[in-house]
Amino acid sequence: MAFHDIDGKCCYIKSKCLPSMKQGVYEQWVCMLQQDPFTVLKANCTCPAGAGEGCTHVAALLFALDASATSNAEGDGDTACTSRPCEWSKPRKRKLSPKR
């Protein structure tokens, strides 16, 4: 994902995705306001449905932006889940005493 500031009020966010049924790469972009509420002004994708500004690839880009903003607000930052200590299968604490 790439972020390009235009004039301090709006920005372009560009991304690429792989189609599920074909080979190649689809490129999509969204032009949106930077102030809350974040209003989408224009969107496009290079897929056949993208000319209508309503394909699922643009929706996926918006969901990815929302997920990124949510994870950064929770304090995760840019740390991937694979870079953090394991949180789902922690071994139980064993009380073992050494034996002869």
Side-chain angles (χ1 to χ4, degrees):
M1 218 177 317
F3 173 83
H4 302 281
D5 187 14
I6 303 298
D7 58 1
K9 294 182 180 179
C10 65
C11 63
Y12 277 96
I13 300 170
K14 297 168 32 175
S15 69
K16 296 179 181 181
C17 72
L18 299 173
S20 58
M21 301 298 284
K22 295 183 178 182
Q23 292 189 2
V25 175
Y26 292 146
E27 297 180 10
Q28 52 276 349
W29 57 263
V30 175
C31 179
M32 60 192 309
L33 293 176
Q34 291 185 22
Q35 293 88 17
D36 195 17
F38 302 104
T39 306
V40 175
L41 303 174
K42 194 100 170 135
N44 196 2
C45 181
T46 57
C47 75
E53 299 179 4
C55 72
T56 57
H57 306 110
V58 172
L61 171 59
L62 294 172
F63 279 119
L65 285 172
D66 182 50
S68 174
T70 304
S71 68
N72 285 339
E74 292 174 355
D76 291 345
D78 294 329
T79 306
C81 64
T82 54
S83 297
R84 293 191 303 258
C86 179
E87 297 175 357
W88 56 90
S89 62
K90 292 181 180 177
R92 66 176 189 220
K93 303 247 186 218
R94 295 184 184 179
K95 296 181 180 178
L96 297 176
S97 58
K99 295 182 180 178
R100 296 188 102 151

Return the minimal non-hydrogen interatomic distance between [X] and [Y], and the atom names on each side.
{"X": "Ser15", "Y": "Leu61", "value": "OG-CD1, 3.5 Å"}
{"X": "Cys47", "Y": "His57", "value": "SG-ND1, 3.4 Å"}
{"X": "Val58", "Y": "Cys45", "value": "CG2-CB, 4.0 Å"}

**OP:** Group every Ile, Leu, Val, Met, Phe, Trp and Tyr by side-chain heavy-atom contacts under 4.5 Å, then state whether Phe38 and Leu65 land in the same group.
**Re:**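 Yes; tracing contacts between hydrophobic side chains, which count when under 4.5 Å, links both residues.
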Are [X] and [Y] packed together at the side-chain level, in the sense that at least one heavy-atom pair is separated by less than 4.5 angstrom?
{"X": "Gln28", "Y": "Asn44", "answer": "no"}
{"X": "Trp29", "Y": "Lys42", "answer": "yes"}
{"X": "Val40", "Y": "Cys31", "answer": "no"}

Subject >> Modelled atom types, side-chain donor and acceptor of Thr46 and Glu27, under 3.5 Å >> reply: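 No, no side-chain donor-acceptor contact under 3.5 Å.
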Subject >> Stepwise side chain to side chain contact (heavy atoms under 4.5 Å, CB included) test for Met32 and Ile13 >> reply: CA-CA 8 Å; Met32 60 192 309; Ile13 300 170; 3.8 Å; yes
